[in-house]
Structure formats: structure tokens, C-alpha cells
Amino acid sequence: MNDFAHQKYLVKNLINWNTNDNKRQMPWKGEKDPYKIWLSEIILQQTRVEQGLDYYNRFVKAFPTVIHLAGAAETKVFKLWEGLGYYTRCKNLIATAKYITNNLSGIFPDKYEDILALKGIGPYTAAAIGSFAFNLPHAVVDGNVFRVLSRYFGIAIPTDSTDGKKIFSSLANDLLDKKQPGTYNQAIMDFGALICKPKLPLCSTCVLKDRCKAFLQASVQQLPVKEKSITKKTRWFYYLVIDCNEEVYVRKRGKGDIWENLYEFILIETSEAVQLENFQPLKKILGKNKFEVEHISAFYKQLLTHQTIQGQFIRVKIKLPLTLKGYSLVKKRALEKLPFPKFISNYLKDKNVSLNLF
DNA sequence: CAATCGTGGCT
DNA sequence: TAGCCAAGATT
């Protein structure tokens, strides 16, 4: 049995499986509007279908066309994205919507290179949009594809290496069914998500098991291979929620750190845990202003991919406004309209600690 | 180009 | 529990 025959077997069985056994349904499946396909693909980057589903439905409802999205207030778009993570996706989403609306007459590009050139769109997303919306012959290479191909062909090259990405991408494009690229791309991703799963793959019922190298060699659990390990750092965020005559100090987080473009209260970051009683930085910010500590929150903790954020919130009431560089006062009611990271929205929604905030 | 960007589900 | 992983892209 040569490589070519193995490839044909894989493609044929994937397509058959998709036709006969794939019951997976998603609102964007079969969608032909490139705008909606684009929206779904951006939302689904590094995001589970179940997590992105509601966001997709809310976005389509709020912004039925790219022109609606381009014309929306940016804070409103970020608020709709709130909680989904990887917020530069939202920033690029807005930029691309404006670009398409203003420079392309609202018409989504239909050439692969033009799609790839859009902000927030890389090789995967360009192939997905291209194949689903315009029948362009480009293979998607996502986590599912890495897994299915590495196992079926028994390839132990790390998928997170430069070489690995090239080799798997090349292989995926060799395999691609050029007559039905969209169907094939959908099939292999659904197959990876439903059958060839990371932890508990359904090998016993798999239509590829007779020729799956990993299955035959009992190396399914060892594939795919990744070479990089992540290092995690811990940071302490102490937030001062300063209420001055029913207004609160907030700022928008800037570049070069987590949660860019989301809002936060007055941040005092430390490298160690601290006691908020007699906390010097707090006294320094408040100066000689009279203040009243209304509440000190419980500890909050959030796990991110590369860091662990821990901290507390201290709510303080003052009468005279402060001059704080970078921060501005907003009415308490207006906080509802601002996008916050989970670390903060978890605090805000906790009725026990922020009852008087709104 | 290796590091970084969130959040949540699962084992 | 701590770690892995999820329809990746950017710098």
C-alpha cells in the first residue's frame, strides 16, 4: 500500500463519513454570506463551538451586515465581545469591517490573497472563508487537522514548530478535494471534533482505523506532538474602586499587556500579595483627601494561558475628586456599557460585594 | 520566530 | 488539581 492509496482512502472515507454519519449542526454551516462566515470564523479562533455559539447569534442579530458592524460604536462591539477573550480579534474585526465598508464598497473580497491580507485573518481563516463562501481550493489547517493527519499518517513532527506547520499545511493541501473544498474542509474538522478527539478518540467506531497508523501502532495518545511548554507567571492586581459622588474612576487598558481595550478600575499591581489594611499605595493615591473604605472584597483569581491573576477590590468613597493621570470619572450606571475582563466582571456581578455600585 | 494574547471545559 | 486544549493571529 503506497502513500497515494492511503491518501485516497482518507479522503474517500472522510467524505463518506460526512455524508452518512455527520450529524453536527451549527448556524453558520451551509451559510453562503461571506460576512457571516467571516464572523463565525473569527469568533471560533481558539474557541470551542459551544462557547462561541451565543456570541455568533448575538453579533448577527446586532450587526446583520458588515456595514452595520462598521458603523457601530466600538465600545458597543467590545461589549458584545466581552467574556470571549483574545480581544485583539475584536479590534481587528472592527478594523476589517470598516475597511470592507469604506474601501471595498461593503463587498467581501473573493480572492484568497485578498482575504488573507485582511486584519485578523491568517492562513486558517482565509482558507475557511475562501472554501466555504467562494469554493476556493485551500485546505484549512487547525487543531483538528493537525490531530487527524498526525494520527492517520503517524507523523510525530511537532505541530507547533515551523517545520511542522509547513509539512502539515502542504499535506493538507495535497489531500484537499479540489471539487468540493468546502465540504472536505468541513468534514475533516467535524471528524476531528467528534471522532478523532484529543483525549478520548472514538477509535473503535472510526472509519479510518483500518489504515490509521497511530491506531495500528497504538500511538494515538502520543499524537499529535507539541514541543513547546508554557511558563506561567503570577501577578497581583489590586483594584481601587473609588466612588466620588456616584462616579467611578476607570481607564481603558492599553497596548502590550492583557485585556487591551477593556476597562478597569484604578490598578495597583504588585509582585507579591499584600495586606490592604494600611496599604501605602492607596494612601498615596488618596493623599490628604478624606475617604471612607466601604468594602474590601474577597480574593479573586483568574487563570490565563500564560499567567495567573490574583487580587482584590477595595471600594472607597470620597467627596473631592482626585487628579489621576489616565483615569476618568464615569457615572455608575455607565459602567454597564463598558467592556470589562472576567476578573472585573466577576466582581461587578457579585451582589454580595458590589450591591451599592449601580 | 518564539512568545503572547482569554476563557472555559475536560481529565 | 494542574495541565491540556479549543475552527489561530500577531508581533
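Reminder, nothing fancy here: chain letters follow the sequence lines and each chain counts from 1.
For residues 173-195 of chain A, every residue pair satisfying the side chain to side chain donor-acceptor pair (under 3.5 Å) rule, not counting sequence neighbours, is listed here: Asn22(A)-Asp190(A), Arg24(A)-Asp190(A), Lys29(A)-Asp190(A), Ser131(A)-Asn185(A), Asp177(A)-Gln180(A), Gln186(A)-Asp190(A). Applying the side chain to side chain donor-acceptor pair (under 3.5 Å) test to every pair with at least one member in residues 132-144 of chain A, sequence neighbours left out, gives these pairs: Asp142(A)-Asn144(A), Asn144(A)-Arg147(A).
Residues of residues 172-181 of chain A that place a heavy atom closer than 4.0 Å to DNA chain C do not occur.
Distance, Lys233(A) NZ to dA3(B) P: 13 Å, rounded to whole Å. The distance from atom OH of Tyr87(A) to atom P of dC5(B) is 13 Å, rounded to the nearest whole Å. Between the C1' atom of dT4(B) and the CZ atom of Arg235(A) lies a distance of 12 Å, rounded to the nearest Å. Distance, Asn346(A) CG to dG6(B) P: 15 Å, rounded to whole Å. At whole-Å resolution of the value, CG in Leu53(A) and P in dG9(B) are 14 Å apart. The CG atom of Asp54(A) sits 14 Å away from the C1' atom of dT7(B) (whole-angstrom rounding). In this structure, Glu260(A) places its CD atom 16 Å from P of dT4(B), rounding to the nearest Å. The interatomic distance linking Phe343(A) (CZ) with dG8(B) (C1') rounds to 17 Å, in whole Å.
When the P atom is used for both dC10(B) and dA7(C), the distance is 14 Å, rounded to whole Å. When the P atom is used for both dT7(B) and dA3(B), the distance is 23 Å, rounded to whole Å.
As judged by a 4.0 angstrom heavy-atom cut-off over every strand, Glu50(A) is placed among residues making no nucleic acid contact. Within 4.0 Å (heavy atoms only), Ile258(A) reaches sugar-phosphate atoms of the nucleic acid but no base atom. Across all strands, Gly192(A) comes closer than 4.0 Å to no nucleic acid atom at all (heavy-atom distances).
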> Tell me, for nucleotides 4-11 of chain C in 5' to 3' order, what letter each nucleotide earns: B for a base near a protein heavy atom under 4.0 Å, S for only sugar-phosphate near one, - for neither?
Replying inline: SBBBBSS-
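Using a distance-only test at 3.5 Å, with no hydrogens or angles considered, a donor-acceptor pair links the side chain of Gln312(A) to the main chain of Ser297(A).
Taking the six-membered ring where the residue is Trp, Tyr347(A) and Phe313(A) present parallel rings, their angle staying beneath 30° rather than reaching 60°. Ring pair Tyr239(A)/Phe237(A) is perpendicular by interplanar angle, where above 60° counts as perpendicular and below 30° as parallel.
We find that Arg235(A) and Glu269(A) are joined by a salt bridge, their nearest charged nitrogen and carboxylate oxygen being less than 4.0 Å apart.
DNA chain B is contacted by both Gly256(A) and Leu200(A); Gly256(A) maps to the nucleotide lying nearer its 5′ end (nearest heavy atom per residue).
Residues that satisfy the ring pair (Phe, Tyr, Trp, His ring centres under 6.0 Å) test with Phe340(A), not counting sequence neighbours, are Phe265(A). With sequence neighbours excluded, the residues satisfying side chain to side chain contact (heavy atoms under 4.5 Å, CB included) with Thr101(A) are Val66(A), Ile67(A), Ala70(A).
In this structure, Arg58(A) satisfies the cation-pi test against Tyr55(A), with its NZ or CZ atom closer than 6.0 Å to the six-membered ring centre and inside 45 degrees of the ring normal.
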